Amino acid sequence: MLAIEDLHVWYGSSHVIQGLSLTVPAGGAVALLGRNGAGKTTTLRAIMGLVARRGGRVRLDGRGLESLPPHRIARAGIAYVPESRGIFPSLSVLENLTVAARGTGWSLERVFETFPSLTERRDHGGGALSGGEQQMLAIARALMTNARLLILDEPTEGLAPLVVGEIETLLAGLKETGLGILLVEQNLAFATALADTVHVLGKGRIRWRGDGTELAGVPEITRDWLGV
Ligand SMILES: Nc1ncnc2c1ncn2[C@@H]1O[C@H](COP(=O)(O)OP(=O)(O)OP(=O)(O)O)[C@@H](O)[C@H]1O
Ligand SMILES: [Mg+2]
């Protein structure tokens with residue numbers, strides 16, 4: 001579904017992403033792991049056209065996205081949930097969802113069915129939600145755009161273990177409906193539970209890829225590139 005080939009990103013004279021290749025098969029879940037500053041967020045922003053790419057290809061179902069601006073990349077079928085979650089704190093839950101609607105995505109009924117906790121909070125302000133509810137709302141907003149691929153930047157950051165479990169259940173359910181998922185994480189257990197394939201990014205390059213459960217068998221990778 002998503003194919004990234006030989007991606008390069010520079011910040012000034014700093015070569016932050018150095019020839020990254022990665023694919024997300026249709027309906028598959030892929031995780032991108034790495035230490036602070038490894039280049040995970042930059043990779044996601046480069047896919048969305050939010051930072052300049054220098055060289056490389058980014059394709060969704062065979063269609064090149066390189067020349068499209070961010071809003072057209074989103075419209076092509078990729079929903080991006082940034083680390084900041086990007087919800088409007090002064091709007092209600094319902095308003096956050098309706099401003100994101102494009103007429104082609106999920107109905108409000110389907111969203112509220114999938115996210116019962118948001119139903120109870122539909123008239124609350126986005127800023128009054130708990131961290132877990134805000135993450136749920138951010139994901140729900142993304143689904144209103146009818147994305148085929150969901151990209152998430154550290155969705156479990158700062159959340160209590162119980163809430164992390166809820167997010168995991170939710171994403172596993174979405175994956176079962178055929179939604180592709182590209183996940184950036186520092187939470188190894190969460191990423192491994194959800195993703196079919198795990199990529200370890202270190203200093204702008206993929207250092208290892210495979211089934212997350214096999215990471216235990218490569219202590220040099222986890223030591224050098226994950227700091228575990
Ligand atoms: N706007 C920017 N200008 C210059 N350098 C940047 C910019 N954004 C990020 N960097 C640098 O690029 C590198 C990769 O950053 P990035 O945010 O992609 O890492 P990350 O893997 O997402 O880290 P974290 O786990 O802390 O979120 C880091 O060295 C960072 O300092
Ligand atoms: Mg980051």
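Note that the coordinates shown come from a computational prediction; the quantities given were computed from them, not determined experimentally. Counting starts at 1 for both ligands and their atoms, following the listed order. Atom set for the values below is all heavy atoms of this structure, side chains included, hydrogens, waters and symmetry mates excluded.
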Taking heavy atoms and a distance under 4.0 Å, where does Arg35 meet ligand 1: side chain, backbone, both or neither?
backbone

Is Gln186 near ligand 1, meaning one of its heavy atoms is under 4.0 Å from it?
yes

What do you reckon, does Gly39 put a non-hydrogen atom under 4.0 Å from ligand 1?
yes

If you measure every N/O of Asn36 against every N/O of ligand 1, is any gap under 3.5 Å?
yes

Using a 3.5 Å cut-off on N or O atoms only, is Gly37 in polar contact with ligand 1?
yes

Glu220 CD: over 12 foreign heavy atoms closer than 6.0 Å
yes

Heavy atoms from other residues, nucleotides or ligands near NZ of Lys203 exceed 12 (cutoff 6.0 Å)
no

Atoms of ligand 1, numbered as shown, that sit under 4.0 Å from any heavy atom of Glu154
25 (O), 27 (O)

Taking atom 31 (O) of ligand 1 as the reference point, report whether a protein heavy atom occurs under 4.0 Å from it.
no

Would you verify that at least one protein heavy atom lies under 4.0 Å from atom 28 (C) of ligand 1, or report that none does?
yes

Please state whether the separation between the Mg ion (ligand 2) and some N/O/S atom of Thr42 is under 2.8 Å?
no

Can you tell which of Val81, Thr156, Val163 makes a side-chain contact (heavy atoms from CB on, under 4.5 Å) with Gln135?
Val81

Identity and separation of the nearest protein heavy atom to atom 16 (P) of ligand 1:
Thr42 OG1, 3.5 Å

Just say parallel, tilted or perpendicular for the rings of Trp10 and His15, cut-offs at 30° and 60°.
parallel

